[in-house]
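These notes concern the structure reproduced below.
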2 protein chains.
Amino acid sequence: MTTPKNDKNPRTTGRPTLNEVARRAGVSPITASRALRGIPSVAEELAQRVREAASELGYVANPAARALASARSQTVAVVVPSLGNQLFVETLEAIHAVMRPRGLEVLIGNSHYSRDEEEDLIRNYLAYQPRGLLLTGFERTESARRMLESSGIPCVYMMDLDSGAGLHCVGFSQIRAGAAAAEHLISRGRRRMAFVGAQLDQRTLLRGEGFRRALQQAGLYDPALELLTPRPSSVGLGCELFAQLMASHPQIDAIFFGNDDLAHGALLEAMRRGVKIPEQVAVIGFNDLPASSFTVPRLSSIRTPREAIGRRAAELLLALMAGQPIAEPVQDIGFELMAREST
Amino acid sequence: MTTPKNDKNPRTTGRPTLNEVARRAGVSPITASRALRGIPSVAEELAQRVREAASELGYVANPAARALASARSQTVAVVVPSLGNQLFVETLEAIHAVMRPRGLEVLIGNSHYSRDEEEDLIRNYLAYQPRGLLLTGFERTESARRMLESSGIPCVYMMDLDSGAGLHCVGFSQIRAGAAAAEHLISRGRRRMAFVGAQLDQRTLLRGEGFRRALQQAGLYDPALELLTPRPSSVGLGCELFAQLMASHPQIDAIFFGNDDLAHGALLEAMRRGVKIPEQVAVIGFNDLPASSFTVPRLSSIRTPREAIGRRAAELLLALMAGQPIAEPVQDIGFELMAREST
DNA sequence: AGCCCACAGGATAGCGCTGTCCTCGAAACA
DNA sequence: TGTTTCGAGGACAGCGCTATCCTGTGGGCT
């Protein structure tokens with residue numbers, strides 16, 4: 001009794017098919033197909049019969065057959081660079097919440113911040129003929145770009161806007177967000193401000209760029225006060241980088257961390273070393289993770305609209321998939337500076 | 001120039017097909033199919049020609065056609081109860097790392113700790129005819145159980161072992177882990193120990209159960225010192241529950257939190273209130289999140305083998321899918337108590 | 001009364017692949 | 001040399017569904 005189904009034919013699925021539903025409802029298979037897809041040219045009475053037959057048999061359409069016959073799947077693919085922090089998870093949740101009620105399956109790919117991995121994922125997903133794609137940022141290989149273009153599949157780019165000319169994108173300006181952090185620190189009277197970034201993905205670099213420009217404009221920019229590392233962002237790394245920065249540049253009076261994880265680590269390390277936050281050094285993070293309003297001291301941060309980006313990007317993609325005219329191809333959701341105890 | 005492809009037929013994909021590859025390689029489609037699938041009955045020279053033709057055309061097999069013809073997909077479905085904390089993300093990563101090199105797509109479903117949502121997901125995924133399923137825990141609806149059984153699709157259960165009789169499962173005993181937390185606190189001389197759990201999923205409850213039994217055995221169990229809430233675990237909730245517990249039971253000398261998030265919140269709240277950890281109250285968490293070794297004080301926790309569970313579960317599923325005999329249907333990966341400053 | 005049109009519903013064919021025979025030639029044996 | 005075996009490669013059919021065309025009926029028109 002390994003397999004309860006007793007089909008002799010290994011090519012069949014053993015599950016009820018549209019034909020059986022149609023026979024039970026006393027209609028042709030095409031009518032059944034139309035009824036279950038909600039195509040309005042079927043009389044309501046027949047449709048009702050078909051729906052009943054389907055539910056009695058426990059019929060669920062075979063997506064492979066459907067995709068093969070119609071040359072389009074009920075699938076949307078999303079590629080994010082990481083699942084390791086809340087950021088993209090919240091965005092994914094929002095995408096799911098929009099797509100699933102419409103019967104669209106969401107394929108999730110994790111590129112681990114690697115262009116090559118992303119290219120592989122895109123190649124792979126395109127084979128599934130997804131109805132649409134949601135990608136993160138604009139940084140990708142040339143051949144990925146070509147595949148996307150020649151596929152003709154609608155695509156929405158999430159998170160950044162800064163170089164999204166001609167594309168459909170939903171996000172906020174990383175550069176302006178970085179600048180906002182700088183302006184906030186300047187408004188608090190700080191003069192020797194450092195930027196600490198990890199991972200060094202495009203968006204982190206753009207935040208740093210915005211921060212730098214704002215400092216330059218204020219005549220406060222010091223290139224020695226940038227600490228960048230390709231290592232992935234984490235609380236532990238934040239401890240380490242804070243210690244390093246305090247050792248090499250003890251005179252700094254503020255730090256902008258490209259990610260809240262790092263800032264959390266810095267707050268902990270500061271506590272261990274007796275560095276007073278914000279009296280001696282002000283600290284501001286980025287993303288405003290849920291924990292940031294509970295740290296000691298409570299962390300100032302740039303709140304990013306992760307849920308809204310997912311939702312709006314999904315809705316934009318739906319409109320593109322439906323061939324609707326797009327009023328706003330570039331949607332700026334903005335960001336919000338959360339000033340708390342740490343600055 | 002909306003669509004670069006100029007196919008008139010909307011039923012075709014516009015992408016190269018196996019037929020074209022076969023023609024280019026000068027073989028029959030079946031031979032091409034076999035060559036690309038690595039079936040050994042094809043001469044190496046022919047196989048080489050086919051592979052070249054495929055790569056020249058940029059051929060990627062149509063998974064829908066493949067699934068339809070063979071009645072099996074190249075897909076494995078995973079259902080986890082949450083993506084909101086590191087836990088399941090690390091497990092998912094490990095599953096991906098095992099499955100993707102073998103050409104298996106991983107469908108990720110998030111049940112949000114809801115049995116009904118999980119049932120929907122399972123129903124939906126079964127329609128895709130996945131080669132296998134990876135599920136979390138044993139708690140599910142009766143009809144989900146029936147669907148799984150009658151599908152005949154191999155299934156591996158992750159995380160818990162405590163009621164996995166007769167099933168293939170990979171994890172550790174939540175009950176024993178909870179007991180280990182209790183024993184650790186007892187060995188530190190604590191007498192009035194509380195348990196705080198959120199989410200109230202099966203695994204959290206089992207941890208509590210193990211904790212309770214160990215206290216009972218030591219004659220130290222006090223039912224008043226259990227604080228349970230169905231709200232999802234978070235740092236903020238940890239602050240709140242710690243405050244609540246200290247207000248209602250100021251005499252406690254240790255707390256076991258069912259999740260590190262909660263414990264992190266408790267450490268922060270304790271700092272705000274001047275409660276000395278561990279002098280006045282010892283705190284131990286669960287899962288040993290990466291940040292736990294950096295908190296102030298460093299958090300004692302039960303380290304759970306999340307990566308190993310994903311990897312081993314995936315490998316076990318592969319063996320089941322291949323019809324191999326299973327030596328160990330129940331794999332106990334164990335857990336590790338990380339004693340740090342907070343106890 | 002005769003005509004046309006609209007529309008519900010059905011017949012047909014095929015999406016792109018693979019399971020299952022089957023063929024055919026060469027190697028291995030008596 | 002004749003017979004058998006074996007294995008590489010091909011022909012065929014069909015997985016379950018839907019796009020497309022086609023049929024037949026009823027209502028509105030002249």
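Letters A, B, ... mirror the listed sequences (proteins, then strands); counts begin at 1.
Rounded to the nearest 0.5 Å, atoms CE (B:Met147) and CZ (B:Arg140) are 10.0 Å apart. To the nearest 0.5 Å, the span separating CD on B:Glu119 from CG on B:Asn124 amounts to 12.0 Å.
For a distance-only test at 3.5 Å, the side chain of A:Arg34 qualifies as a donor-acceptor partner of the base of C:dG10.
Listed nucleotides C:dG10, D:dG16, D:dG10 differ in distance to A:Thr17; the shortest reach to its side chain belongs to D:dG16. Of the candidate nucleotides D:dG16, C:dT20, D:dC17, D:dG16 has the atom lying nearest to any side-chain atom of A:Thr13. Here the nucleotide nearest the side chain of B:Ala69, chosen from C:dG16, C:dG9, D:dG16, is C:dG16. Closest to the side chain of A:Asn62, from the set D:dT18, D:dC17, C:dG9, is D:dC17.
In this structure, the CG atom of B:Leu68 is 4 Å from the C1' atom of D:dC15, given to the nearest Å. Counting to the nearest Å, the P atom of D:dT18 and the CZ atom of A:Arg72 are 12 Å from each other. B:Gln129 places its CD atom 15 Å from the P atom of C:dT18, with the value rounded to the nearest Å. Atom CZ of B:Arg66 and atom P of D:dG16 are 18 Å apart (whole Å). A straight line from CD1 of A:Ile30 to P of C:dA13 spans 13 Å, rounded to a whole angstrom. Rounded to whole Å, the distance from CD on B:Glu20 to C1' on C:dG16 is 11 Å.
Between B:Asn19 and A:Ser28, the residue whose closest nucleotide on DNA chain C is further toward the 5' end is A:Ser28.
Put simply, B:Ser33 has a side-chain N or O that comes within less than 4.0 Å of OP1 or OP2 on C:dT18. For B:Tyr128 and D:dG16, the shortest distance from a side-chain N or O to OP1 or OP2 is not below 4.0 Å.
Between A:Tyr113 and A:Phe88, the angle of the ring planes goes over 60°, which puts this pair in the perpendicular group of the 30/60° scheme.
Atom CZ of B:Arg72 sits in a sparse spot, with 12 or fewer heavy atoms from other residues, nucleotides or ligands closer than 6.0 Å.
At a threshold of 4.0 Å, the pair B:Glu149-B:Arg146 does not count as salt-bridged, since none of the basic side-chain nitrogens sits closer than that to a carboxylate oxygen.
Residues B:Glu307 and B:Thr91 fail the side-chain proximity criterion, which asks for heavy atoms closer than 4.5 Å. Side-chain contact between A:Val60 and B:Leu126 is absent, with no heavy atoms from C-beta onward closer than 4.5 Å.
Near DNA chain C, meaning a heavy atom under 4.0 Å away, the residues from residues 36-58 of chain B are B:Arg37.
If you check every strand for non-hydrogen atoms under 4.0 Å, A:Ala61 touches sugar and phosphate atoms only.
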